Structure formats: structure tokens, C-alpha cells
Number of protein chains: 2
Amino acid sequence: MSNDRPRRPTIIDVAAEAGVSKSLVSLALRGDDGVSETTRRRILAAADRLGYRSNTVARALVQGRTGQIGVIVTDLRNPYHSEVALGVEKAAEDAGLGTFLANGRRDADRMAAHVDSLIGHNVEGLVVVSSRVDTAVLAAAAERLPVVVVGRPEILPDRIDSVAGDDESGARLAVEHLVSLGHTDIAFASASTRPAARARHRGYAAALADAGLEAAEAVAVPIEGGTGEADDLLRGGATAVLSNNDLLAVELLNRGHEIGVVAPDRISIVGYDNTELAARVWPRLTSVDQRRTALGRTALSMLSERIAGRTAARREVIAPGLVVRDSTATPKE
Amino acid sequence: MSNDRPRRPTIIDVAAEAGVSKSLVSLALRGDDGVSETTRRRILAAADRLGYRSNTVARALVQGRTGQIGVIVTDLRNPYHSEVALGVEKAAEDAGLGTFLANGRRDADRMAAHVDSLIGHNVEGLVVVSSRVDTAVLAAAAERLPVVVVGRPEILPDRIDSVAGDDESGARLAVEHLVSLGHTDIAFASASTRPAARARHRGYAAALADAGLEAAEAVAVPIEGGTGEADDLLRGGATAVLSNNDLLAVELLNRGHEIGVVAPDRISIVGYDNTELAARVWPRLTSVDQRRTALGRTALSMLSERIAGRTAARREVIAPGLVVRDSTATPKE
DNA sequence: ACTGGAATCTGGAACGTTCCAGATTCGTTC
DNA sequence: GAACGAATCTGGAACGTTCCAGATTCCAGT
């Protein structure tokens, strides 16, 4: 069974149809103003009649540029990633650039493959929203095209720009909020020991020190099935918890419901990332907002500068904000 | 300030470096077995030394095929869309096809533009996960390449395949579950009057009729700020509510907490879509699962068949399942 | 009517790959 | 050591566009 779809018309078919040269068709379609009004109309009509659509691939080949950038995220289902990607995408659209979105699905090898594939597709720059892509892979990519990394507070080669939320000050904001409510025994919970989590713990400890209070070690609570750890935390002495991310905070919230340690009456809980989830759970979660859209926008502006020729590294840090909702309150007793 | 990045090496550079013809380089890189082992190694080494990466754009131009498909979704932030997209993507990867993901951001014009752009990029097929793309746009696209639509229970031209969850039987499942728990007064809430919502209401009414119970009109509750409508619903006589989607169900859950009509004690609530959210709220939400991954997988298999030459339309319906969690229970008193 | 310059149009080269037909080399067999 | 087929390699054409240098047409001014 063979595909009967007609061969896709080319600029040459349109030229024949309109009775002009292919070059003129090209000019007319691109709106060049060396084409007389009458022939332009004739050409457009011919193109329309044939259902012509310009072949981006051929254009990209001859121009050596595609007008596309690549965006690689760890996991699209994670709202943090998808919203940063959205910010990049919007800003790219405004800058007249198209976006190829690649989803790594938490697999470092797949992400490395995506890097290759995007470079193969001649993207003009790469935005990496992931801490899982190997630095060596990034460095190799950066030899070929501009690369900007979002949300990775670590040392990167000079060819690579980066923008990240300020994790220390984000954690600070949360702690200051809890302290101002009157909490004195504040815990820090995390399911990860990645650099971002460590930075947040540093901010947490520093803010407590500034308030003359004592910081605790980070409590490791696995997100799925960490009920034992969660129970210990919820039933321990702390009247408030700062969680390394919203997902974990929500698990604590829910476990609290189950064992009768309900927020915000018995315990105050602060999340991190201000994802969609935070606004939808009960009680609605107070959370640190990384300004994802700003992250994305900044990433794109850095990329544009690189594409335009900047060579010096740029490191940007975005100050987070705190969104206060209903999961935090004055401690009772 | 000019960009000092070196010109990207081509197959010809590699050929010169290895002292062979460009054709042989092409063969060697593609793993053709008409190349002797020693020269293959020499060529690969040369390629490696120059940091050569094959130019997909040039290959696509000459082969007339890109090995890519396009996936257009209404809104990536909506977990339903992103998970269907994920299903498509996984299946495509298994089939050796790459995926371009385009995010419509709820704008019909943008989505139409994405269709054009993807066709321009010579994708071999299009999966549309959106009920917002104009049918005329789809029909025009389908003249040029295979198009599969996911989750749109409406009449489409023969060139276009479709796969959708069975909304009537999904609603049925939910109602049967509630009836079996002993509920007799069951409401249906929706924020939309799109075809899917109407089909779900039909299923709801039919299931109630089968049980000898009375169906009510769909109650319109806006998702944001619909507290008046929500209050009426929660305080009305119904002991159970089937909601047209998880988002709305969660709003009802939360509003219930606020006014003391708590699920599942005072009211049972069932969502639709079984999104991530359903598993994370308190109480965890019973929800109809559309089997998003199956939707995506089926969409891709239909697309592959079309690419291979099938011309007859295929319409597929996926039977949903019910995931019972903690928001439904036997009615009290 | 003739000129010169502007306006409009054209043909071929180029982009980096694959594909094809054929050229060259190699090893075996007589 | 000649002949032959298999193994290995090569050069040019093609893909559909843009770009460039130049060709042609048109028109105003003399």
C-alpha cells in the first residue's frame, strides 16, 4: 500500500505556475520590495493555488541558521521545569526565535542525546533547565554554540552562562517569615542532598543564627513512603518546617492530616518552588517562589547576547519571593 | 564584537582529515558495512578529532524525511496534556522517531502557527492533543501529512485519525462506584460545556437511569472564584459529586474544608483525569483515569500506520479506569 | 529618438548531506 | 600471472532554498 499523497510543491512549481523565475518567487514570498505589486499578487495566488508552504529545512541549510533554540528540561511533568521552559519560550517568541523543547525524563543519557540531536538540528543556542546534564557534555556543547544553564548553583566553564534562583536568600525569607510569626524551633526537611538543597540549608542556618536561634541538621525525608521519617519530624519538638520543595511539603501536610498534626494549627509548613500544587492543596501552602518566568526570560536574554557575539561569561542570580498562604501561622501551645 | 566560534566541521573536512572521499565518510558514519574496519576507525578518529556532528538539516533535505513528528498541545502546564504528550514521545522514541513538542498556550492562532511551522520543518506526522485547533486548519494539514487527534470526540474528516477516552463510560464508572457505596443523590459539576463535558454528563445521566435514580442538570462551577456556586452545591442535598475534572474537584474539596463540608464524611467527590494533583491533595482524590499513556501510544501507532501508507480512517476509543482513593465513602446518617 | 538610471527580474552557485553508478583494489582460482 | 568477482572506495547529481551578480525592462529627461 503506497502513500498517494501528492509530492509537496516547491518554489519551482510555484514559479512555473506563475510564469516567473524561482528567485522571484523567493523574493515575493519573503516580502522583499523589489517585486512589482502585480507580479507579487500573481505569485502569491499561484502559491496559494498549489498549497505551497516554504520548506524550513532547505532555508536553514542555505542560510546556516534556523532561528530556533533548544530547551532541555529534566522532567516536563515537574511544574517547576515546565514553567521555566514556558518563560524561555515566551521570551524566545518575542525575540523571533522558535523553540524546540526536549524532555529528558530524568535520564542523563537521554538528555545528552537530546543535546546532540538539537545541535544536529542546527539550533542557535541551548537552554538547559536541569541539574542532571553532565558538565562535560555541556562544556562540549558550548564549544559549538551558546549554552545557558538555569538553576544550577555550581561552577561552570566560562563559555557557559547561568542563571539561578538565590537559594540561600530564598530559605532566609522563609525562615524570617516563620521567626516573625514567633517560631523558635524550626526544622529543615529535604529529600535530596543536591547543591540546591545544601544552599537552602545554609540560608536556613544563617537566618536562624541571625535571629539568635539554633539551626538543626537537614532532616532527610523521602518523598514517597517516608512516613516514618515524616512522623518523627511532625511529632518532634519543631513548631515549623521549611521543606526543600513543595512536593515534600505537601507530603508532610498530608501525613500531618493522617496523624492529627494539622497545619497550621499544630505545625507551620513552608514549601519551596511555589508550584501549581502549592495553591491547590489544603491548607494552601506558603512557599518560596523562584520567579520561574523571570528565570526563563533572563536565560533567553543571555542566550541572545551570546548569539549576538558576547563571549564573557555572565552569571545571574534572581532574588526569590515568599508567597504567604495558609500553611503558616503563629505557633499555638 | 564578532563571534569567534570556529566554522562547524562538515563531512568534507572529516574526509580531508582522514584522507578519503566524503562519500566514504558518510558511509562510515552511518555504519554501512561496505567500509573496511581500518578505514572506518581512521574516519571515526578524524571525526572525533574535529568534533564533527552530523548536520540533520542537510540530511533531512536530501532524504526528504526528517524522522521527526510534531506534537501540539493546548497547554503544557496542564498535566493531562503533558502526560499524553509524554506517552506519544515515549512511543515515538521506541519507533525511532524524534518529537517536536509545540505548546499552544491556549491560543488557537498560536496553535495554527505551530501547525504551519511544524509542516515547514518537514515533520512526518502531527499529533494534536487539543480541542482548540480549528478543524479547517487540521483538514488543510491533513492534505499534506498524517494527522492524529487525541481526545476530541467530534466529527473529523476521513484523512484524520482520532483516539479519545470514552467519556460516557468514564462517567459511568464513577457513578456506578458512588451508587455501589450507597449514594442516591449524585450531582454533576463542570466548568465547561465542551463536547467532552457533555459526553460525561450523558454517561452520568445514563448510569443513574440504569440504577433507577434521578440525574440532575450539570451544575456550572467556575474553577477560579466560583465559591458561590460551590457553596450551593456542597450545601445542597447531594451526598456525592462527580466533577468534570480534577482541578474543579480539588476546588470543591478545598471549599468544603472552608465551610465545613468535608469529604468524604459529609460529601463524596470524584474527579476526572487522575492527574498528579489527585494523588497529592487531602483527602486523596478518587478520579477517572483516561489512561493517558495508552492514548499517547495509540496515537503514535495510528500515525505510524498512516506514515506507512494506510489511508482509511481509524477511530479509536480507550476505555477509562477508576482510581479509588479517599475522597469517596459510604454516605453517613 | 536616445540615454541613463531605477525598477524589476533571472540564472547559477552554494549550503551539507545522501544516493547512485561506476572506478579501483584485493584475493582467489586456474 | 591472468582473469574474475567481491570488497572497498569515489565523483557527481540531487534535495529546495537563498544569495549574488548581472540582465532586462521601463521611464523621465534631454
Side-chain angles (χ1 to χ4, degrees), chain A residues 6-44 46-47 50-68 116-117 119-124 144-145, chain B residues 6-44 46-47 50-68 116-117 119-124 144-145:
Chain A
R7 196 180 109 296
R8 172 179 178 156
T10 75
I11 211 176
I12 298 188
D13 301 321
V14 177
E17 175 85 8
V20 295
S21 74
K22 62 173 179 27
S23 306
L24 197 60
V25 174
S26 175
L27 292 174
L29 291 175
R30 279 177 293 151
D32 185 293
D33 46 43
V35 184
S36 76
E37 200 43 40
T38 47
T39 39
R40 176 195 308 284
R41 262 201 294 274
R42 193 149 45 89
I43 290 170
L44 292 183
L50 298 180
Y52 171 81
R53 293 166 120 109
S54 97
N55 184 333
T56 316
V57 169
R59 191 212 323 280
L61 179 62
V62 61
Q63 289 191 326
R65 41 160 296 159
T66 51
Q68 297 280 138
D116 268 2
S117 153
I119 294 180
H121 279 293
N122 285 5
V123 296
E124 297 180 28
R144 298 255 152 266
L145 82 178
Chain B
R7 194 178 113 295
R8 172 177 177 157
T10 76
I11 210 178
I12 299 189
D13 301 321
V14 177
E17 175 85 8
V20 294
S21 74
K22 63 176 179 21
S23 307
L24 197 60
V25 174
S26 175
L27 292 174
L29 292 175
R30 278 177 295 152
D32 185 293
D33 46 45
V35 184
S36 76
E37 201 42 43
T38 46
T39 40
R40 177 195 307 285
R41 262 202 293 275
R42 193 149 43 90
I43 290 170
L44 292 183
L50 299 180
Y52 171 81
R53 295 166 120 109
S54 99
N55 184 333
T56 315
V57 170
R59 190 212 325 279
L61 180 62
V62 60
Q63 289 190 324
R65 41 160 296 161
T66 51
Q68 297 280 139
D116 268 2
S117 150
I119 294 180
H121 279 292
N122 286 7
V123 294
E124 297 180 29
R144 299 253 153 266
L145 80 176

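As the structure is a computational prediction, the values presented were derived from the model and not from experiment. Sequence lines set the chain letters: A, B, ... in the order given, protein chains first and strands last, and positions in each chain run from 1.
Across C/dT17, D/dG11, C/dA13, the shortest atom-to-atom separation from the side chain of B/Ser21 is found for D/dG11. Nearest nucleotide to the side chain of A/Leu24, out of D/dT10, C/dG16, C/dT10: C/dT10. Closest approach to the B/Val35 side chain among C/dA13, C/dT18, D/dC9 is made by D/dC9 (side chain taken as heavy atoms from C-beta onward). Taking only side-chain atoms of B/Val62, from C-beta outward, the nucleotide of C/dT17, C/dA14, D/dC19 with the closest atom is C/dT17. Residue B/Gln63 places its side chain closer to C/dC19 than to any other of D/dG12, C/dG11, C/dC19. Closest to the side chain of B/Lys22, out of D/dT10, C/dG12, D/dG11, is D/dG11.
When the C1' atom of C/dA14 is taken as reference, atom CG of A/Leu61 falls 9 Å away, rounded to whole Å. Separating the CD atom of A/Glu37 from the C1' atom of D/dC26 is a distance of 18 Å, rounded to the nearest angstrom. In this structure, A/Arg8 atom CZ and D/dC15 atom C1' are separated by 12 Å, rounded to whole Å. Spacing between atom CG of A/Asp33 and atom C1' of C/dC9 amounts to 14 Å, rounded to whole angstrom units. Remark: P of C/dC9 and CD1 of A/Ile11 are 15 Å apart, rounded to the nearest angstrom. Rounded to whole angstrom, the span from the CG atom of A/Asp13 across to the C1' atom of D/dG16 amounts to 10 Å. With rounding to whole Å, A/Asn122 atom CG is found 17 Å from D/dT17 atom P. When rounded to the nearest whole Å, the span between CG of B/Leu27 and C1' of C/dC19 equals 9 Å.
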Show your reasoning for whether side chain to side chain contact (heavy atoms under 4.5 Å, CB included) applies to B/Leu145 and B/Ile119.
-> CA-CA 8 Å; B/Leu145 80 176; B/Ile119 294 180; 3.9 Å; yes
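Under the 3.5 Å distance criterion, the side-chain polar atoms of A/Glu124 are matched with a main-chain donor or acceptor of A/Gly67. Side-chain atoms of B/Arg42 never come within 3.5 Å of backbone atoms of B/Thr38 as a donor-acceptor pair (strictly under, hydrogens ignored).
Within the structure, a side-chain polar atom (N or O) of B/Ser36 is placed less than 4.0 Å from OP1 or OP2 of D/dC9. Side-chain N/O atoms of B/Arg30 include one lying less than 4.0 angstrom from OP1 or OP2 on C/dT18.
Looking at heavy atoms from C-beta onward, A/His121 lies out of side-chain contact with A/Thr66 at the 4.5 angstrom threshold. Side-chain contact check for A/Leu44 versus A/Leu29: some heavy-atom pair is nearer than 4.5 Å.
A/Val57 comes within contact range of no nucleotide atom at all, as no heavy-atom separation falls under 4.0 Å. As judged by a 4.0 angstrom heavy-atom cut-off over every strand, A/Thr39 is placed among residues touching the sugar-phosphate backbone only.
Ranked by how close their nearest DNA chain D nucleotide is to the 5' end, B/Ala58 and B/Thr38 are led by B/Thr38.
Within 3.5 Å, a donor on the side chain of A/Ser23 pairs with an acceptor on the base of C/dG11, or the reverse.
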